**Student:** 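Below is a structure I'd like to ask you about.
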Amino acid sequence: MKSREEIISKITELTPEFEHAEEAYFSSIEEKQSGEDIYMADFIKLESEYEILKKEIETLQWVIDSEEN
């Protein structure tokens with residue numbers, strides 16, 4: 001198991017990637033809602049990247065939180 005410091009470091013490392021993926025994902029949703037054509041494969045890729053990073057950060061945070069209790 002990784003140390004608390006390694007987990008926090010990984011969260012810090014993933015956060016900018018997550019923020020970029022989140023921005024791209026929600027931007028593509030806005031584009032879709034405004035009627036712009038978006039290739040479904042591109043949208044699925046953006047959604048997948050966003051969800052994977054989100055889940056990884058949530059899981060790492062859960063590990064930290066569970067160690068504190």
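It should be emphasised that the depicted structure is a prediction, and the values quoted were computed from it without experimental measurement. Residue numbers run from 1 in the order of the sequence given.
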**Student:** Answer yes if I52 and I57 sit in the same cluster of Ile, Leu, Val, Met, Phe, Trp and Tyr residues linked by side chain heavy atoms under 4.5 Å apart, and no otherwise.
**Tutor:**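 No, it is not one cluster - the side chains of I52 and I57 are not joined through contacts under 4.5 Å.
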**Student:** Side chains of L14 and L60: does their closest heavy-atom pair fall under 4.5 Å?
**Tutor:**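 Of all side-chain heavy-atom pairs linking L60 with L14, at least one is under 4.5 Å.
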**Student:** Taking C-beta and beyond as the side chain, do K55 and E51 meet within less than 4.5 Å on heavy atoms?
**Tutor:**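 No; the side chains remain at least 4.5 Å from each other.
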**Student:** How long is the straight-line distance from CD1 of I7 back to CD1 of I64, given to the nearest 0.5 Å?
**Tutor:**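 Rounded to the nearest 0.5 Å, the CD1-CD1 separation comes to 5.5 Å.
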**Student:** Looking at T12 and I8, would you say the former's side chain and the latter's main chain have a donor-acceptor pair under 3.5 Å?
**Tutor:**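 Yes.
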**Student:** Distance from T59 atom OG1 to K10 atom NZ, nearest 0.5 Å?
**Tutor:**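 So the gap between those two atoms works out to 12.5 Å.
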**Student:** Please list every donor-acceptor pair under 3.5 Å in which a side-chain atom of residues 39-47 meets a protein atom from a residue at least two apart or in another chain.
**Tutor:**
none

**Student:** What are the two closest heavy atoms between I38 and S28, and how far apart are they?
**Tutor:**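 What the structure gives for the nearest pair is CD1-O, 3.0 Å.
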**Student:** Which of parallel (below 30°), tilted (30 to 60°) and perpendicular (above 60°) describes Y25 and Y50?
**Tutor:**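 Rings of Y25 and Y50: parallel, under 30°.
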**Student:** How long is the straight-line distance from CD of E58 back to CG of D65, given to the nearest 0.5 Å?
**Tutor:**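 The CD atom of E58 is 11.5 Å from CG of D65, to the nearest 0.5 Å.
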**Student:** Are the side chains of F26 and I29 in contact, using a 4.5 Å heavy-atom criterion?
**Tutor:**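 They are in contact (side-chain heavy atoms under 4.5 Å apart), so the answer is yes.
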**Student:** Within this structure, what is the OG-CD distance for the pair S66 and Q61, rounded to the nearest 0.5 Å?
**Tutor:**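 Going from OG on S66 over to CD on Q61, the span is 10.0 Å.
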**Student:** Is there a side-chain contact between E30 and S34 (heavy atoms, below 4.5 Å)?
**Tutor:**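 No; the side chains remain at least 4.5 Å from each other.
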**Student:** State whether the side chain of E6 and the backbone N or O of S3 hold a donor-acceptor pair below 3.5 Å, judged by distance alone.
**Tutor:**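 Between the backbone of S3 and the side chain of E6 there is a qualifying donor-acceptor contact (under 3.5 Å).
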**Student:** Output the distance between atom CD (E13) and atom CD1 (I11), rounded to the nearest 0.5 Å.
**Tutor:**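 Rounded to the nearest 0.5 Å, the CD-CD1 separation comes out at 11.0 Å.
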